[in-house]
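First up is the structure itself, then whatever we jot down about it.
We count ligands from 1, going down the list as the structure has it; atoms in each ligand are counted the same way. All values below were derived from every heavy atom in this structure, side-chain atoms included, with hydrogens, water molecules and symmetry-related copies excluded. None of the values given here were measured: they were computed from a predicted structure.
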Amino acid sequence: MSKKLIKELQSVLGARGVLPASDTGPYFKDMMGYYSGDSVPVLRPADTLQVAEAVKICAKHHMPIVPQGGHTGLCGGGVALSGKPSVILSLERMNRVLAVDADCYSITTEAGVVLQTIHDAAQRVDREFAMDWGARGSAMVGGALSTNGGGLNVLRYGTSRDQVLGLEVVLPDGSVWDGLRSLRKDASGYDLKHMFIGAEGTLGIITKACLKLHPQQPVSQSLFGAIADFPRLMKLFETARQVGGNNLSAFELVPGDGMRRMSSQFPAISQPLDTNAEWCVLIRYSGTEAAAVEALLTTLFERAFEDSLLSDAVISQSIAQEQNLWAMRDHLPPENLWSQRKLKWDVSVPINRMVEFINQAKAQLRQQRPQGRFYAFGHVGDGNLHTIIFPGDDDGADYDTVCANLYKMVDELVWSLGGSICAEHGVGIENVQRLHGQKSTLELDMMRNIKGLFDPQGLMNPGKLIPDA
Ligand SMILES: Cc1cc2nc3c(=O)[nH]c(=O)nc-3n(C[C@H](O)[C@H](O)[C@H](O)COP(=O)(O)OP(=O)(O)OC[C@H]3O[C@@H](n4cnc5c(N)ncnc54)[C@H](O)[C@@H]3O)c2cc1C
């Protein structure tokens, strides 16, 4: 990287605002250790003006920019590609909550605010914030919106996209688009904010966001149950919905082996049930009245047993038990539980095809790789399953070929069911070339045309989201 470019960047960002490549260890490797990119200089602007000036300088020098938030993304979107000159632009210093408006049920923050900070700010004014998942203590607003994160509350409130009222964005030429509105309705033409949500930094850098808050639901109580008859999982979901109505806030599939493995890996998390069930569910109802929420859960409990949908179940009886259930849920990602090599998918299918997806994936795996092991957990209510295959012991086959065949097997199954291989974690570099199998040429061309319009030099997060032509 030219000394002239670094000097120009330092002149607008100051010494703290530019870290040399030799000093950027934590920035080039993602949180789970799946992806590491080149160690490149890291820009750390303190405000929107500095982002704009830095982007202008990079545009002048044709220098690609990789935006980075909390670095919790699971598809490698925030790492610098190997062997390609670029800079990382971290939003970590832009971490101020700018306004909390309880009357308008909205909060305005800079892009580097972590989700947990927003939950805390919302709670202080008796409001609830929807965007919530295991990485809540590190994931930042800009990154969460850029991947259109989902998580635990989608059933009730929708995805991150549904939480956005307005955005401020620095465009690839350094101009600042002020779309930071708090309007609930605005039918004055193209809703441009949606271009940047789920765009993974390929069209510009989100610098501020105005997000929705919701009435607080101070009471949450959950049922944890062992599924008696897996093919009737959706009947259980339907019952939970009918009984709970709008009080149903989460419906998660928990693999029995994941729950049992926790006793050795995380002894502080207690086992809710002593069961050998293959699949369990974690169902949460939320509301304002403790007695009403408990009554709903009790009704669900009774109906589920009357209809033989569950073989065993508990309802949390204290805040500590409730927290224990959700701590268990947060620890289900397989890297917490097993060190074996694995392949992973973040799959969505129409919700009435979840059972079919799981059964077919397991059957095809048995045929193609008998020593392989299937593991899945996730958001049944959203048709979203985090799916893992442990390929198992080496049988002499070329491992790359084994992986490629397994990816093809699951991808094609997902597509045959009308699903997506990028449900909520985004595309990044992990899925980018596989999008050819999911999207039509016309759709990919439309994406390329949009990219060309916003970023004619192709400097914003190159190599991510849009597959090669
Ligand atoms: C333990 C764990 C559990 C998780 N659970 C879930 C889950 O349940 N649901 C879910 O949806 N996700 C989940 N994730 C994934 C992850 O938290 C999300 O993808 C997150 O939203 C990314 O935010 P980040 O700030 O870490 O972004 P990063 O990882 O830093 O970046 C993600 C992408 O956004 C781009 N980007 C970052 N900031 C900006 C910006 N300001 N402007 C433009 N582009 C930007 C980056 O270039 C990159 O492409 C989980 C991750 C972990 C580690």
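A distance-only check finds no donor-acceptor pair linking the side chain of Arg241 to the backbone of Leu248 [under 3.5 Å]. The backbone N or O of Leu444 lies less than 3.5 Å from no partner atom in the side chain of Lys439, so there is not a single donor-acceptor pair. Under the 3.5 Å distance criterion, the side-chain polar atoms of Asn153 are left unmatched by any main-chain donor or acceptor of Asp132.
Close N/O approach between Ser138 and ligand 1 is not found [any backbone or side-chain N/O within under 3.5 Å]. Taking distance alone, with nitrogen or oxygen atoms compared against 3.5 Å, Gly150 approaches ligand 1 more closely than that limit.
Under 4.0 angstrom from ligand 1, the non-hydrogen atoms of Asn461 all belong to its side chain. In Thr72, the parts holding a heavy atom less than 4.0 Å from any atom of ligand 1 are both the side chain and the backbone. If you look at Lys464 next to ligand 1, there are no close heavy atoms at all, none under 4.0 Å. Under 4.0 angstrom from ligand 1, the non-hydrogen atoms of Leu74 all belong to its side chain. By the criterion of a heavy-atom distance under 4.0 Å, the side chain of Met31, and not its backbone, is placed next to ligand 1.
In summary, the side chains of His71 and Asp30 do not present any donor paired with an acceptor at a separation below 3.5 Å, with no hydrogens or angles considered. Side chains of Thr207 and Glu168: a donor on one and an acceptor on the other come within 3.5 Å. Side-chain contact, Gln217 with Ser249: no donor N or O sits under 3.5 Å from an acceptor N or O. Checked by atom type, the side-chain pair Asn431/Trp345 shows no donor-acceptor distance below 3.5 Å.
Between Phe230 and Trp279, the two ring planes are parallel [angle under 30°; tilted spans 30° to 60°].
Considering only non-hydrogen protein atoms, atom 3 (C) of ligand 1 sits nearest to Ala135 N, 3.8 Å. Looking only at protein heavy atoms, the nearest one to atom 8 (O) of ligand 1 is Trp133 CB, 3.3 Å.
The closest non-hydrogen atom to atom 9 (N) of ligand 1, taken over His425, Glu200, Glu424, comes from Glu424. When the heavy atoms of Gly428, Pro67, Ser146 are ranked by distance to atom 47 (O) of ligand 1, first place goes to Pro67.
Under the 4.0 angstrom criterion for non-hydrogen atoms, Gly378 is not in contact with ligand 1.
Applying the 4.0 Å criterion to heavy atoms of Gly204 picks out, from ligand 1, the atoms 43 (C).
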